[in-house]
Amino acid sequence: MATAPLLSTYSMWNLFRNCRKAVEWRYIEQLVPLLRDHNLHFGSLIHDCLELWHGQRDIELVLDRIDRLCSNRAQDEDQKRDWLNATAMMRGYAEHYPTEEFEIVALEKTFEGPIFNPATGAASRSFVLAGKIDGIVRIGGEYFVLEHKTASQMDADYLEKLWTDFQITLYAHYIEQTLSIPITGILYNVLVKARLQQSKGETVEEFELRRAELLAKSKTGKTTAKRKLPETDEDFQQRLAEKYADPLMFHREMLYLSRDRFEILRSELWELTQAFLDARRRGVFYQNTAFCFNYQRPCAYFALCRSAGNPNVRDNFYQRVAPNEELRALPATTTEPAF
Amino acid sequence: MPSLPTAKTAPKPNLADLTVLAYGQTKIGKSDFCSHAEGALFLATEPGLNALDVFQVPIQTWDELLDACAEIVAGQHPFKTVIIDTVDNAYKFCTDYILKKFKIEHESDLGYGKGYAIVNNEFQRVLTKLAFLPYGLFLVSHAKQIEVETRTGKYTRIVPTLPDKARKIVLGMVDMVLYCDLENSVGQNGEKSTRRVIRTKPSPDYEAGDRTGRLPQTLDLDFAKFFQAFNTAVTPLKPQAAKAPAAK
């Protein structure tokens with residue numbers, strides 16, 4: 001009896017291209033690091049807010065969602081920082097785009113479709129490709145895939161690099177194929193995250209040290225220096241609001257899709273499926289050590305590779321989570337108030 | 001009629017070939033436990049062995065540790081198990097050694113995390129070399145509680161007191177991570193009692209592990225019982241190893 005094709009995502013294929021060993025850890029052994037990467041939390045929080053905003057266009061609902069998703073902010077410094085930043089960012093976003101030039105067709109749309117052999121046109125019996133896009137919008141009579149991006153900075157390089165975003169190009173192709181919506185291009189909705197930090201002030205010792213240095217330099221032997229007190233939440237919120245009032249914090253970029261690129265990506269995807277099947281059949285998922293420190297930080301599986309898969313590392317620093325969790329729909333009750 | 005075996009027996013690794021990390025709260029008996037290992041030699045990086053009748057080399061710098069290791073490698077001695085007590089202090093000595101070597105005050109002075117990486121590489125180099133020697137290697141560490149943030153929330157976990165990266169290096173090279181703990185129980189007559197135990201399997205509450213698969217989940221903090229459990233345990237064979245031998 002034939003088995004159902006394996007659900008694959010672009011994330012899996014991209015990882016396979018970069019490091020096959022990492023794919024083995026994630027998609028075959030189903031391991032993920034036990035510790036959550038906090039940097040990912042802010043991005044997913046904003047994605048959640050943008051979905052709500054574009055669906056309802058009610059900023060109070062969005063702020064309420066942020067409150068509930070950061071409900072532990074009184075005790076948790078990370079959550080408090082995210083809460084302050086997300087609240088200011090979404091307020092700024094709503095003010096920056098009081099009306100939209102596009103019409104929302106769909107939000108958080110998932111798709112699933114076959115992977116075709118470009119030479120024969122036959123569908124793979126081993127894999128299907130699935131994914132989720134942030135939205136589909138209509139501008140005039142044309143359809144665009146909406147892609148939200150939170151960036152720590154947006155410069156010329158950032159905008160130049162958008163065309164290499166193969167994932168969204170490939171997803172646009174699958175949206176066309178599976179939903180029969182002709183996609184003209186991608187609308188990137190970039191939100192820049194303010195780099196402001198809430199001032200912690202200085203301790204009495206730090207102030208005394210600074211004061212002594214100033215006195216030593218002073219010709220009169222006097223100084224008017226005062227101790228820097230911690231910045232209040234209200235003052236920091238005000239600073240954030242001023243920052244997000246800057247139009248440069250929000251940017252929209254439209255990219256038109258090339259049909260040739262679709263064909264290239266389809267061929268690449270097919271080649272990757274064949275390489276994966278070969279690796280799985282032979283049980284060889286080799287390490288790409290050049291990828292261990294991509295983005296100037298160790299890969300999530302670095303400790304595991306370095307220990308040659310020592311079970312002590314595997315069992316104490318990783319947990320088993322089924323792949324493609326991003327495609328799993330959360331029950332509505334998780335974000336709705338119980339009372 | 002004798003029944004011939006249909007499966008190979010699993011190899012029994014010698015305890016003296018293994019690398020073990022034992023950690024737990026102060027004064028629980030980690031050093032005493034290790035002192036019963038065969039031919040134990042302590043590389044004592046912190047005081048605290050006064051109550052034990054053991055062979056020890058006091059170590060106060062990384063250079064002294066390297067010298068002691070060189071003597072161990074030379075092999076003109078009766079020792080069979082090397083115990084670094086504590087590995088936390090050994091790591092501190094390693095850090096001091098690198099700071100002195102590069103004439104800096106702090107690892108961060110080298111920039112881009114280079115100082116931390118050099119310390120970790122030196123630490124790993126020496127521990128790996130020690131682990132490859134034909135002696136048992138026991139590493140002793142204290143325990144601390146940390147708050148970990150997972151996908152499902154924050155909770156506290158007991159881990160060895162080594163810095164995060166050093167901990168990953170050590171856990172990645174050892175065969176066993178033994179968490180020495182206190183276990184409270186209530187007897188049939190309602191009387192409360194506490195016993196010192198070793199926890200050998202991973203848990204969300206603490207770090208532990210046994211890649212030999214020979215130890216029970218919990219056992220008394222007693223080397224004789226640990227030794228017995230290790231030697232009497234039967235490791236289940238892997239399916240591919242359980243094939244009957246081909247007839248010639």
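Letters go in sequence order (proteins before strands), and every chain restarts at 1. Every heavy atom of this structure was used, including side-chain atoms; hydrogens, water molecules and symmetry mates were not.
Neither the backbone nor the side chain of A/P298 comes within less than 4.5 Å of any heavy atom in chain B. Both the backbone and the side chain of B/V174 come within less than 4.5 Å of a heavy atom of chain A. With a 4.5 angstrom heavy-atom cutoff, B/K201 does not touch chain A via any of its atoms. Neither the backbone nor the side chain of B/L21 comes within less than 4.5 Å of any heavy atom in chain A. Using a 4.5 Å cut-off between heavy atoms, A/N72 makes no contact with chain B at all.
To the nearest 0.5 Å, the span separating CZ on B/R167 from CZ on A/F317 amounts to 4.5 Å. A distance of 9.0 Å separates CZ in B/R211 from CZ in A/R314, rounded to the nearest 0.5 Å. Between B/I146 atom CD1 and A/L35 atom CG the span is 7.0 Å, to the nearest 0.5 Å.
Within 6.0 Å of atom NZ in A/K21, more than 12 heavy atoms from other residues, nucleotides or ligands are found, so the atom counts as buried in its surroundings. More than 12 heavy-atom neighbours from other residues, nucleotides or ligands sit within 6.0 angstrom of CZ on A/F293. The local environment of NZ in B/K144 is crowded, with over 12 non-hydrogen atoms from other residues, nucleotides or ligands closer than 6.0 Å. Counting non-hydrogen atoms of other residues, nucleotides and ligands closer than 6.0 Å to CZ of B/R195 gives a total above 12. In B/Y155, the OH atom is crowded: over 12 heavy atoms of neighbouring residues, nucleotides or ligands sit closer than 6.0 Å. Counted within 6.0 Å of CD on A/Q30, heavy atoms from surrounding residues, nucleotides or ligands total more than 12; the atom is thus considered enclosed.
Interface check for chain A: of the options B/I169, B/V177, B/L171, B/D210, the most heavy-atom pairs under 4.5 Å are formed by B/L171. Your options are B/K165, B/M173, B/R157, and the one with the most heavy-atom pairs under 4.5 Å with chain A is B/R157.
Taking 4.5 Å as the limit, every side-chain heavy atom of A/L34 sits out of range of all side-chain heavy atoms of B/V148. A/N312 is not listed as a side-chain neighbour of B/E207, based on a closest heavy-atom distance of 4.5 Å or more. Between A/D76 and B/E147, every side-chain heavy-atom pair lies at or beyond the 4.5 Å cut-off.
The minimum heavy-atom distance between B/Q124 and A/R306, with the atom names listed, is NE2-CD, 3.6 Å. Residues A/V313 and B/G172 come closest through the heavy atom pair CG2-CA, 3.2 Å.
Formation of a donor-acceptor pair under 3.5 Å by the A/N316 side chain with backbone atoms of B/A208 is found in this model.
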